[in-house]
Each structure stands twice: as C-alpha cells, then as structure tokens.
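The sequence lines fix the lettering, A, B, ..., with proteins before strands; numbering per chain opens at 1.
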Protein chains: 2
Amino acid sequence: MAVGNGGLAPTGRRRQSVTIKHVAADAGVSLQTVSRVINNGPNVRPAMKERVQASIDKLGYVPSIAAQRMSGSRSYLILAINDRDRTIADWRAREGRDWIDQMLLGGMLTAAERGYRMIFELVDTHSDHVERELGAAIAALRPDGIIVTPPHSENLQITDLLAESGIPFARIGSKEEGPGIAITMGDEYLAALATDHLIELGHKRIGLIAGPDEYSLAGWRIDGWCEAMGRAGLSVDGLCVKGDFGFESGIAAANSLLDRPDPPTAIIASNDQMALATLQVARERGLAVPEDMSLISFDNSPVVRFTDPPLTAVEQPIAATVSRAVEMLIDARTHAPPAEPVQIQGELVVRRSTGPARVDGR
Amino acid sequence: MAVGNGGLAPTGRRRQSVTIKHVAADAGVSLQTVSRVINNGPNVRPAMKERVQASIDKLGYVPSIAAQRMSGSRSYLILAINDRDRTIADWRAREGRDWIDQMLLGGMLTAAERGYRMIFELVDTHSDHVERELGAAIAALRPDGIIVTPPHSENLQITDLLAESGIPFARIGSKEEGPGIAITMGDEYLAALATDHLIELGHKRIGLIAGPDEYSLAGWRIDGWCEAMGRAGLSVDGLCVKGDFGFESGIAAANSLLDRPDPPTAIIASNDQMALATLQVARERGLAVPEDMSLISFDNSPVVRFTDPPLTAVEQPIAATVSRAVEMLIDARTHAPPAEPVQIQGELVVRRSTGPARVDGR
DNA sequence: ATGAAAGCGCTAACAT
DNA sequence: ATGTTAGCGCTTTCAT
C-alpha cells in the first residue's frame, strides 16, 4: 500500500495523493512552515525543519510543480528550442548526428540535479508564425529558462521575443551583445587548432569548406582558419569555398577545391556532412586519405568514427555546453548571469584521416 | 487594456500576460464559457464559440498548463521513462545508438499535434529506490500518460507502481498481461524474417547471438529463429549463444560460434553492438563478409550503415512505436485502450553483409 | 446555453 | 520564528 494517502479515503477523485496539507497536519505545523522547509527558506529553526522533513520523508511527499508554478514561483522547467526542419531532417536521415541526444542528456542530467526538467520544442525559423509558435510554448509552459540553438539563437525576432518575455534565456552559438546569455564553443580557436595540426604535418595548401553565412559560427571558423594560415605565412587565396552544411553542397565544394590547378593537400570541412561528402569525392578521384589528401571534420558526431579511415575531427562539446547553459539559467534567479559570452572549449580528436603532406607537395 | 503585455506596467510582478480573464472580458462572456470553448465543451452556441475564439486569437491567449493541471484536468504531459545506466552509457559512448533520438522525436511530434509535451526521465532499474524516484517524478509532474521501455516495462515493481498511480501507461517491449498497454515490435516475426532471408540464400547453419534473459524480447527473437529453422528442417543445435547486448559479450559469443567444428555460415546478432563485435571477430579470423560468413544485425541504428560492409539489419521502428504509444495514452482518457498487445511491425533492411552460402558448405 | 461560486496545491504578503 | 490570508489561472460543481 504505498506510503502516503495516509488518512485519505480512496473514494474521492484521485488528486495529488500527498499534499502539503498532509505534511502540515502530520508535523503539526502550518502550511507555510512546510513550504519554507521545501524551499530552504529562512526563519525555520533546525529542530522544526527536521521535524517537517521527517514528515515529508515519511509520507513521501513531493511538491506538485504545477501548483508551485501557479503560486507565482518557479515552474522548474527549462525549455530547449530547436529548428524544426533541421531537427526532423536529421532525425529522418538517421545518419548518426546526435546533437539532440547530446543536448537532451547534457541538459537533462544537470537539470535533474537541481530538481528541474527539460522540455524540447521545435520551432520553424523561416516562418511568419515564429512568434505564435514560440509565444504559445512560453505561455503554456512558463519555463524558468529557455535555450535556443542556431539558427534561432541569432534570429532577432526570436531573441527579442524572449527578452520581452522576461524569462532568462541562453543563446548557444552566438556571441552578439544583447539580452540572453551568449555561449559559444570556441569555433575560431578550434578552426585554428585544426589548421595548426595540418600545418605541423607540413601542409601548405589547406582548403576550407565553410558553412553558410546564416550561421555566425561558420564565419568564426573561417576566421580561425585564416588566422592560423596567416600566422604560418600561408595564403588562403581561393582556398575557401562555401557550403550549406548539407552533403550535396559538400560534394560541390570539394570538387571545386580539388579542381584547382593547385589543389589543397588538406581540407577542413565545417561539419560532418560536408566532410563525408569530401571523403567520397576523394575516393571517386582516386585520392587516398590521408596519403594524398588529409581531411578534418567539424562536429565529431559518431559517424565519423566509422568511416574509412576514421576522421580526425573537431569535437563540439554540446552536452557540456547545454549543461552549462542549464546551470546558468537556473542560477539566473539569484546571481546575475555573465554579460560576456561564455565559452565552452572543444578539442581536436586526431584519428586517421590526417597525415604528413607529401614531400613532392602534391 | 492589454493585449499581450501591451498595457501592463513592467513594474508589477510579471505573471501570465494574457489569461482566461482577459479573454472573457474581451468577449464579454463568463470565464466558464471561455473554458468551454478552449476544451471544446458542449453547450456553446456556434456564434458564441466563434466570438470567443476571435478574442482568443486576437489576444493570442494560450492556456497555462499548470493552471489546467491544478484545476483537476489534464497536465498535457507524457512522461517517458528510460533506464539510467543504459541511457547514459550509450550517450557517453557516442557510438551512434539513436533510440533516445527516435523516442524523443517520434513521441514529441505526435504529442505536439495533440497539444501535449514529452518529458524524459531516467530511472535506475536495479535499485531499492526505484519507487522513490519514479514516485517523485509522478507526483511532481502528474503526467497524463507514462511510457516505459525495457527493462522497466517488465519490472513488476515499476508496473505495479504505475498501475497504482492510476495514470495510463504503455509498456514497450512487453506482451505480458496486466495493467498498462503492451506494445511490441514483432520481434519473433522479425527474427524469423531474418532467418528466412539467410535460408533463401542457401545457408544451413545459421547461428544466433541472443540477448540476455532479462529481456523478454531476447527470448522472442530466439523463438522466431527457432521457428524459421524448424520450418526449413534445419537444426539449431549449439547454434544459439547468449550475450548481454554488450560488445565484449558479442566477441565471446561470435568466437564460441566460430570455434565449433562445424561453424555457422551466417550469424544473426540480437543487437548492433554484438553484430559489430561479430564483424570484428570475422575480420580477425580472416573471414570475408559476406563471402565467407553472412551477418544480420538487430536494431539498425545508424552505425551499421557505415561499417564495411554495411550490415543487413532488422529495423526496430522505435519512433513509430513511441508515437503510437503517445496516441493511445492520450486517447485513454476517452476510449479504453486495447487489451491485447499492440504490435508495430518492423522490417528487414537488406544491405551487403548477407550473401549466398558457399556451395562447398563452408 | 450560460453564469457564479468553490477550490485545486502552493507561495507571497502580511500578521503575530 | 511561525501562522494567517489571499490569490495564481483554470475547471469543476451547481445554479439559472
């Protein structure tokens, strides 16, 4: 017979079995005191607190988050917003991109530690009803914090709406000034890191397949690559081609790079899909990787470990980033969040798609 | 006064901007009538309904789910429970298992269509505080439906607790009688299908690497294989070895199968991890796949498309299953859910790891 | 077919 | 340091 339900006749409508009232009655105190204990409020004598806690434990009482929300306090909900089309496309493709997984788990575990839960919501970016969709989610849930990812995190229509809602929010993949906590994964540094790795291997012509302008992080990766090339005194002329993060665009970009009279001996692709495409192009052209051409990928989703050869890749620490975002969002109640963009550092995972440049320079 | 935050002074505590009251005032009706319109209740004249709906649209009103929950109605929340250790291990490993992704998206999209949201929760199976963990989640959220996956779906401690809570729940991967909606993915049929595929290719000795007894579905897969072998007049003697769904156990199982004086010419592994292990063992032994040995995997997670060769695999329709579960759970308010186990059919995806048996029988 | 009143479980504001 | 009161936004009685 479970705990709780103590004196309650099982006849009535089945509402919440054990409420704050039961606890108050059991401990012989007022509702308020119980509430204070639950919320670690001040002005409770240790002895009192202990007694109430004992009743809570005994009855197995857990506060209803709906009721907590109602009375003007927290909802204990963190909302994570992702782009609908992109998320569904990835999901359908089943090609092993696991950023939703990483977001969910990174966020969920951290949230759980603090008594919060995460809810995911898909929202169309390119749509005149963004406001309605997002506004509805906010109104329905009234979350205590919201996490937005690219491209939403750079969509002014969205960030303005969030700012107006008064709910703390984190912009992942954005370093713009403005409302909300900006968090990045050090794209510029990582691109430079990847480039340096290739330079150390003796490569002189290092191509970059960039992402679309719509994403600022695509630009930061270009910056990092340019910076590292410049530092080494290497030219970047004609070595940067834009893709759209899709496989097909990667094919085109890789071909355009390799069609040059003086083709790169190494290529950095700004995401896994375009790297996979580049790998295929190399194979079609009879170029061995890494003997004839080195390749580095961005994202490091699981699939790049299973290609032949496994790809050297820049790891995007998505779980850690979302986890940190959740923490800052929860803390925003009490401490003011950092005004400067927060950076969660990724790293380069060296595998077998990168090797020394050929001495003949080809 | 007050569309949105329009007239609201930013001074006061910021509560829900547009409430049912605003709508009632705007439409010049009682709260009750608005509530009836929201919930598609009876006894509202079409004209009235239209007028209220107009106000709702105009003000952009969205009901607060917390308030809806409070007043004894629905919470519009579906809770999905997964095993903590297994989920975290998969996530950390980043080996491309995507069942969480499939669950989340399959469930989330269907839930969203009906105005519901999904929340994920990790619970330890092997723990004396299952009751506390699960009970706390239920008490805090009061979801309208709960989805449990293996091994939870076959844990009596858990299913009993759920039954007692009075909240509709779905047991995925379980066909036991008892409370809750049982849903399976046709494991027995699928195992037979895989076996038949190999038999048609001329294989006579088809090994099975089974899953642990803890999972009923492991048994169903054995049954399906046995049945197909029997139908074809083939012996199963010594051709079934148990693993635990882990890579290492797959290595051991594959070795044990291939060490036989009369080794199988084809192997079915009960999940992807063990299939990957089998592939590695084959490679180590100099067996070409599929020339020397055919291999079929269960689950069809993204990674098996990227191995060399890509694996023929049984597809587990996780997204469809969870989607169906969500639907039945939501419908449980009105229609009684099916008493018989529901089956969502998977399929066999033929790739390049299966081929004709060698004529010499080796 | 509509409205008024009561109350869900909890916390904020105000006592004491 | 503790208790009392009012009310969050909504749905459920129970009128009319």
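- For the OP1/OP2 pair of dC10(C) and a distance below 4.0 Å, the side-chain nitrogens and oxygens of S35(A) include no atom meeting the criterion.
- Contact of R36(B) with dG3(C) (side chain to base): a donor-acceptor pair of N or O atoms is detected under 3.5 Å.
- For the pair R45(A) and dT2(D), the criterion of a side-chain N or O lying under 4.0 Å from OP1 or OP2 is met.
- dC8(C) atom C1' lies 15 Å from atom CZ of R69(A), rounded to whole Å.
- Going from atom CD1 of I56(B) over to atom C1' of dG9(D) covers 14 Å, rounded to whole Å.
- Considering only side-chain N and O atoms, T33(A) lies under 4.0 angstrom from the phosphate OP1 or OP2 of dG3(D).
- In this structure, a donor-acceptor pair under 3.5 Å is present between the side chains of R74(B) and Y76(B).
- In this structure, V34(A) reaches neither bases nor backbone, as no heavy-atom distance under 4.0 Å exists between it and the strands shown.
- More than 12 heavy atoms of other residues, nucleotides or ligands shown are found within 6.0 angstrom of CD on Q157(B).
- At least one side-chain nitrogen or oxygen of Y61(B) sits closer than 4.0 Å to the OP1 or OP2 atom of dC10(D).
- Between the side chains of N82(B) and W99(B), no donor N or O sits under 3.5 Å from an acceptor N or O.
- Listed nucleotides: dC10(D), dG3(C), dC8(D). Nearest to the side chain of P63(B): dC10(D).
- Side-chain contact check for I147(A) versus M118(A): some heavy-atom pair is nearer than 4.5 Å.
- Residue I20(B) contributes atom CD1, which lies 12 Å from atom P of dG3(C) at whole-angstrom precision.
- Side-chain atoms of Q68(B) lie closest to dC10(D) of the nucleotides dC10(C), dG3(C), dC10(D).
- Note: D124(B) CG to R86(B) CZ = 14.0 Å, rounded to the nearest 0.5 Å.
- When rounded to the nearest whole Å, the span between CG of L31(B) and C1' of dG9(D) equals 9 Å.
- Put simply, S64(A) has no side-chain N or O that comes within less than 4.0 Å of OP1 or OP2 on dG9(C).
- Set against dC8(C), dG3(D), dA4(C), the side chain of S30(A) has dG3(D) as its closest nucleotide.
- Rounded to whole angstrom, the span from the CZ atom of R51(A) across to the C1' atom of dA1(D) amounts to 13 Å.
- Rounded to an integer number of Å, the gap from N39(B) CG to dT11(D) P is 5 Å.
- Separating the OH atom of Y76(A) from the P atom of dT11(C) is a distance of 7 Å, rounded to the nearest angstrom.
- Positionally, the nearest nucleotide of DNA chain C for K49(B) lies more toward the 5' end than for the other of K49(B) and A67(B).
- Of the candidates dC10(C), dG3(D), dG9(D), dG9(D) carries the atom nearest the M70(B) side chain, counting heavy atoms from C-beta on.
- Distance CE (M48(B)) to P (dA1(C)): 13 Å, rounded to an integer number of Å.
- Comparing dT13(D), dT11(C), dC8(C) against the side chain of S71(B) picks out dC8(C) as the nearest.
- Nearest nucleotide to the side chain of K21(A), out of dT2(C), dT13(D), dC8(C): dC8(C).
- The distance from the CE atom of M108(B) to the CD1 atom of I100(A) is 6.5 Å, given to the nearest 0.5 Å.
- When the nucleotides dA1(C), dG3(D), dA5(C) are ranked by their closest atom to the side chain of N43(B), dA1(C) comes out on top.
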